[in-house]
Peer 1: 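Next up is a structure, given as structure tokens.
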Amino acid sequence: MQSPYENYLKVGGDGQPSRSGQKNADSSRPHRPTVVVLGAGFGGLWAARTLAEGPVDIILIDRHNYHTFFPLLYQVGAAELEPEEIAHPLRKIFWRRSNVHVHLGEVQDVDFSTKAVRVADQAIRYDYLVIALGSQPNFYGIPGVEDYAFTLKSLEQGVVLRNHILTCFERAACEVDPEIRRRWLTFTIVGGGPTGVEFAGALMELIRGSLAKDFPTLDFSQVRMLLLEASDHLLDGMPQVLSAYAQARLGKMGVEVHLQAPLVKITPHEGLLKDGTRVASGTVIWTAGVRGNITGEQWGLATNRRNQVEVLPTLQTPDHPEVYVVGDLAGIQQDGPPLPMVAQMGIQTGTAAGHNILRQLAGQSPLPFRYHDKGTLDVIGRNAAVASIWGRAFRGFLAWLIWVWVHIYNLIGFRNRLLVLINWAWAYLFSEYGVRLILPSTVSSGTEPTANKRSAKADDV
Ligand SMILES: Cc1cc2nc3c(=O)[nH]c(=O)nc-3n(C[C@H](O)[C@H](O)[C@H](O)COP(=O)(O)OP(=O)(O)OC[C@H]3O[C@@H](n4cnc5c(N)ncnc54)[C@H](O)[C@@H]3O)c2cc1C
């Protein structure tokens, strides 16, 4: 049986509908508008979920066949959780939605004049389009970062980082040269925002917990972890009291927090700071910034300094009322600085864009989007988190409980919630984190510690 959305596909990729690709090729089927959603992250998924309630066919396109819960990705990198525990198959999410069609593929570009999205050698036609392709790391042109630093922007990169960290300890355990051993055991995290802080805490817990038991012959006093931040405080945007708490707590855990310490260069074996300090390190993890994930000029869309697409208050693009941009990729300013690139923004803009398209179909005008800040939460380690909610600052155990509850509640899928909860309970009770497998075992097999992320490149976003 032919799937309804096959009517919108065409082999050739020039964006022109072919005879077989004509809308309503199956004349027995009443024409329903097609909404193509690019990206199944928070923005795209919530747009598709909202639209699924309406009289439309939805084609949801992503390069992965799953949705990733990014707020817990750093725990995959720190071997606390398995990748499948924070991902959910897209097709399963829409089991009961016959008007949502998942399309696995790499989006190349969009031809706005013919209303067609190019995916590999196919052109997929749309009546309405939601662009939710997220963000990518911003390296600010710093030499060596793109080549040598690890990033955390996809599940694959989380696994590559985990493999590399476990390999560092395996290599250090059988290294006779003390200088090389120290390099294997020095971890440099660049960026004192939420990801950098959370990853530093999680990695230290892994090292001081499970790895210290796994490697009884290693001298763990040689382990060094540096958290480099260019500004004078951690967790920008959080109340000062919470930044100070996070810094003190990380210090107590053994993380060296360096403020006003911008990194200016990375080579295979070391990082260079602006003040001339050299840090010999086999692992540099870049968490210092993100930018919109498409090339604005290439797509013919106006972008801002963060490479986000400039949108109208209704989230439509200025020149194409049928095209919406949501999530990290949307440059929205409301009463001050640009809105943050966070999951809630994706969820809220995706939902709003979905509603606006349904309004347009009903002959109504789209409504302006209004962001509701539900607060910010960051975890530092066991019993230690910070939370800024409704103008109030929480820290310590209470903030940690709120963090646990919010993350379990927001994970998609009952199975994932249960598995994560079991893993966390096990780690909490026995200080043992993850199963710590190096898979595949060929990653970072060199004898010298280099921040070699070659195997992560396949999935650079
Ligand atoms: C490590 C990490 C930790 C984070 N922690 C938090 C947190 O604690 N709290 C919080 O609120 N936010 C957090 N964020 C930010 C949050 O995840 C993002 O703001 C949110 O995911 C943005 O949603 P989005 O839909 O715009 O993009 P994404 O969720 O990134 O989704 C984009 C989708 O587009 C797909 N895609 C991209 N390019 C293509 C292409 N060319 N072809 C096909 N598919 C493509 C991707 O596969 C992806 O599924 C974190 C992000 C990261 C990376």
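Whatever order the structure lists ligands and atoms in, that order sets their numbers, starting from 1. FYI, side chains are in, hydrogens and waters are out, and symmetry mates aren't considered; it's all heavy atoms of this structure.
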Peer 1: For a 4.5 angstrom cut-off between non-hydrogen side-chain atoms, does Val311 reach Phe369?
Peer 2: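 No, every pair of side-chain atoms sits at 4.5 Å or beyond.
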Peer 1: Set out, in order, the CA-CA distance, both residues' side-chain angles and the distance that settles side-chain contact (heavy atoms from CB on, under 4.5 Å) for Thr349 and Tyr371, then state yes or no.
Peer 2: CA-CA 8 Å; Thr349 51; Tyr371 179 60; over 6 Å; no
Peer 1: At their closest point, which heavy atom of Gly191 faces which heavy atom of Leu227, and how far apart are they?
Peer 2: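 It is O-CD1, 3.5 Å.
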Peer 1: Numbering the atoms of ligand 1 from 1, which are under 4.0 Å from a heavy atom of Lys153?
Peer 2: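 Numbered from 1, ligand 1 contributes 53 (C).
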Peer 1: In plain terms, say whether Glu256 and Arg224 are close enough for a salt bridge, that is, a side-chain N and a carboxylate O under 4.0 Å apart.
Peer 2: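 Yes, Glu256 and Arg224 are salt-bridged.
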Peer 1: Describe, in one word, how the ring planes of Phe42 and His67 are oriented to each other, choosing from parallel (under 30°), tilted (30 to 60°) and perpendicular (over 60°).
Peer 2: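 Ring orientation of Phe42 relative to His67: perpendicular.
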Peer 1: Judging by distance only, is a nitrogen or oxygen of Asp328 under 3.5 angstrom from one on ligand 1?
Peer 2: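 Yes - when backbone and side-chain N and O of Asp328 are compared with those of ligand 1, one distance drops under 3.5 Å.
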Peer 1: Geometry only, no angles: is Ile61 polar-contacting ligand 1 at N/O separations under 3.5 Å?
Peer 2: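 By distance alone, the answer is no.
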Peer 1: Closer than 4.0 Å to some heavy atom of Gly39 - which atoms of ligand 1 meet that?
Peer 2: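 Counting from 1, the qualifying ligand atoms are 33 (C), 34 (O).
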Peer 1: Any N or O on Gly346 sitting closer than 3.5 Å to an N or O of ligand 1?
Peer 2: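 Min N/O separation from ligand 1 is not below 3.5 Å for Gly346.
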Peer 1: Counting only heavy atoms closer than 4.0 Å, does ligand 1 sit against the backbone of Arg63, its side chain, both, or neither?
Peer 2: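 Answer for Arg63: both.
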Peer 1: Would you confirm whether Ser210, through its side chain, and Tyr433, through its main-chain N or O, come within 3.5 Å as a donor-acceptor pair?
Peer 2: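 Answer holds: yes.
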Peer 1: Compare all side-chain heavy atoms of Leu250 with those of Leu234 and state whether any distance is below 4.5 angstrom.
Peer 2: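 Contact flag for Leu250/Leu234 side chains = yes.
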Peer 1: Which ligand 1 atoms are under 4.0 Å away from a heavy-atom of Leu152?
Peer 2: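 Listed by number with element: 1 (C), 53 (C).
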Peer 1: Please name the residue in the list Val190, Ile189, Thr186, Val145 that meets the side chain to side chain contact (heavy atoms under 4.5 Å, CB included) test with Val284.
Peer 2: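 It is Val190; the other options fail the test.
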Peer 1: Please report whether ligand 1 has a polar contact with Gly43, defined as an N or O pair separated by less than 3.5 Å (distance criterion only).
Peer 2: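 Among all N and O atoms of Gly43, at least one is under 3.5 Å from an N or O of ligand 1.
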Peer 1: Do Ile93 and Leu45 come close enough that some side-chain heavy atom pair is under 4.5 Å?
Peer 2: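 They are in side-chain contact.
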Peer 1: Are any non-hydrogen side-chain atoms of Phe199 and Leu161 less than 4.5 angstrom apart?
Peer 2: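 Yes, close enough: below the 4.5 Å cut-off.
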Peer 1: Please work out which of Leu155, Leu45, Leu133 has its closest non-hydrogen atom nearest to atom 45 (C) of ligand 1.
Peer 2: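 When every heavy atom of Leu155, Leu45, Leu133 is considered, Leu133 comes closest to atom 45 (C) of ligand 1.
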Peer 1: With backbone taken as N, CA, C and O and side chain as the heavy atoms from C-beta onward, which portion of Thr195 lies under 4.0 Å from ligand 1: side chain, backbone, both, or neither?
Peer 2: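 For Thr195, only side-chain atoms sit under 4.0 Å from ligand 1.
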Peer 1: Just jot down the ligand 1 atoms closer than 4.0 angstrom to any heavy atom of Gly105, in number order.
Peer 2: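 Ligand 1 atoms under the 4.0 Å threshold to Gly105: 42 (N), 43 (C).
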Peer 1: Between Glu106 and ligand 1, is there a nitrogen or oxygen pair with a distance under 3.5 Å?
Peer 2: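 Yes, there is a polar N/O contact under 3.5 Å.
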Peer 1: Please lay out, stage by stage, how Val223 and Leu211 fare under the test side-chain contact (heavy atoms from CB on, under 4.5 Å).
Peer 2: CA-CA 11 Å; Val223 172; Leu211 295 185; over 6 Å; no
Peer 1: Report, in ascending order of atom number, the atoms of ligand 1 lying under 4.0 Å from any heavy atom of His64.
Peer 2: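 Every atom of ligand 1 under 4.0 Å from some heavy atom of His64: 47 (O).
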Peer 1: With nothing but distance in play, are any N or O atoms of Val342 less than 3.5 Å from an N or O of ligand 1?
Peer 2: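 Yes - when backbone and side-chain N and O of Val342 are compared with those of ligand 1, one distance drops under 3.5 Å.
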Peer 1: Tell me which part of Asn293 gets within contact of ligand 1: side chain, backbone, both or neither, using heavy atoms under 4.0 Å.
Peer 2: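 The answer is the side chain.
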Peer 1: What atoms of ligand 1 come closer than 4.0 angstrom to any heavy atom of Met341?
Peer 2: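 Answer for ligand 1: 15 (C), 19 (O).
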Peer 1: Counting only heavy atoms, tell me which of Thr376, Val379, Asp62 gets closest to atom 35 (C) of ligand 1.
Peer 2: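 Closest candidate by heavy-atom distance is Asp62.
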Peer 1: Between Phe187 and Phe169, does the ring centre distance come in under 6.0 Å?
Peer 2: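 Between Phe187 and Phe169, the centre distance is under 6.0 Å.
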Peer 1: Check each atom of ligand 1 against the heavy atoms of Gly327 and keep those under 4.0 Å away; list them by number with element.
Peer 2: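 So the atoms of ligand 1 that pass are 26 (O).
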Peer 1: Of the backbone atoms (N, CA, C, O) and the side-chain heavy atoms from C-beta on, which set of Ala132 has a member under 4.0 Å from an atom of ligand 1: side chain, backbone, both, or neither?
Peer 2: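 Contact part for Ala132 vs ligand 1: backbone (N, CA, C, O).
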